[in-house]
Amino acid sequence: MGFPHVRMRRLRVGSAMRRLTAGTRLSVNDLVCPLFVCPGENIKKPIPSMDGCFHFSPDTLLREAQEICELGVPAVLLFGLPLRKDAQGSEAWSEDSAVCRAVRAVKKAVPDLLVITDVCLCAYTEHGHCGLIRDGKIDNDQSLQCLARMALAHARAGADVVAPSDMMDGRIGMIRQTLDEAGFSETAILSYAAKYASAFYGPFRDAADSAPAFGNRKTYQMDPAASVRQAMREIALDIEEGADMVMVKPALAYLDVIAAARQRFDVPLAAYNVSGEYMMVNQAAKAGLMDRQEAMLEILLAIKRAGADFVITYFAREAAALLNG
Ligand code: PBG
């Protein structure tokens, strides 16, 4: 039976009806706020490539984290910048790194806020790659040791969740084993399982000063043209190795991957609404081409509708304030 008995517009008649019949809900509980932490004190420096984002020293980051927690956002994701870069990225596993200092400060003063840390060498190595280099190539297996040491340093500092974003093979298993042997069996792993070599990371590489000095990341991050089946293999392997939660990244050009992962796997699924996706909206809004807040909410809803359980987004603070209001 169709028109005129059926009229789809009956369900759109007013805001109450639309709210009642909405299949997708967005709340502050769905958001994770990424933050950048740098060495030093009393620093809150705007990041030129990312509107509304800052480099925080551990002390100012603590104040920011407090406010984010008060807004009801359950978690922050910390990215660190080092004092010094070297070939191995050794500051990545220093217990005195800006990230470790920030984790200790936040967990002490705001224990209810979940602290997730990004585990990757690219901001710490001189060459800007996510793993170690030998003979001009990424040395996958040697890199695993460094990544595991980094995850362990974060766990020791009190991180609730470590999130490896390097895309080396075998890192989840190595990190799980290292954490367990050191007595950190309760530290969870959020794996950047299906992470693509994407142009949408452009603004972030400026923010984390992590652009590769030579070549690109195509030998470790996934090819955007790879089949969705390949993404499912990546995710399945990470779950087998011990990932508690998995991520698809970026989000918007990969909603099909999010939807497929949602159907196939039972672990919590995250999606990363990355820096380029964030800045496209900001720039378009600045140019008067669209409404910033409407575009923000539409994007976050779409990522949830595709099947993500939570969204890592630079909009988190603003979206939370709006959703609370
Ligand atoms: C580090 C890392 C990147 C992002 C998160 N972790 C950059 C990259 O892989 O080049 C991108 C995040 C964003 O663009 O918002 N490996």
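Side-chain atoms are counted along with the backbone in the values below, which use heavy atoms only and exclude waters and symmetry mates. In listed order, ligands and their atoms are each counted from 1.
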task = Answer yes or no: is there an ion pair linking Glu64 with Arg317, defined by an N-O contact shorter than 4.0 Å?
result =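 The answer is yes: the pair qualifies as a salt bridge.
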
request  = Output yes when Arg262 and Asp309 qualify as a salt bridge under the 4.0 Å nitrogen-oxygen rule, no when they do not.
outcome  =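 Salt bridge flag = yes for Asp309 with Arg262.
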
Hey, what polar pairs (N/O, under 3.5 Å) does ligand 1 make with protein?
from	atom 1	to	atom 2	distance (Å)
ligand 1	6 (N)	Lys249	NZ	3.3
ligand 1	9 (O)	Lys195	NZ	2.7
ligand 1	9 (O)	Gln221	NE2	2.8
ligand 1	10 (O)	Arg205	NE	2.7
ligand 1	10 (O)	Arg205	NH2	2.7
ligand 1	10 (O)	Arg217	NE	2.8
ligand 1	10 (O)	Arg217	NH2	3.4
ligand 1	14 (O)	Ser275	N	3.3
ligand 1	14 (O)	Ser275	OG	2.7
ligand 1	15 (O)	Ser275	N	2.8
ligand 1	15 (O)	Tyr314	OH	2.6
ligand 1	16 (N)	Ser165	OG	3.3
ligand 1	16 (N)	Lys195	NZ	3.0

key: Pair Asp139, Ser143: side-chain N/O donor-acceptor within cut-off below 3.5 Å   =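 Ser143 and Asp139 do not have a side-chain donor-acceptor pair below 3.5 Å.
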
task = Only counting residues at least two apart or in another chain, list the ones meeting side chain to side chain donor-acceptor pair (under 3.5 Å) with Lys218.
result =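 Expected list: none.
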
What donor-acceptor contacts under 3.5 angstrom involve side-chain atoms of residues 113-124, with partners at least two apart or in another chain?
from	atom 1	to	atom 2	distance (Å)
Thr117	OG1	His154	ND1	2.8
Asp118	OD1	Ser165	OG	3.0
Asp118	OD1	Tyr192	OH	2.8
Asp118	OD2	Ser165	OG	3.2

task = Just jot down the salt bridge (Lys or Arg N to Asp or Glu O under 4.0 Å) partners of Arg101, sequence neighbours excluded, or say none.
result =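 With sequence neighbours excluded, Arg101 shows a salt bridge (Lys or Arg N to Asp or Glu O under 4.0 Å) to no residue whatsoever.
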
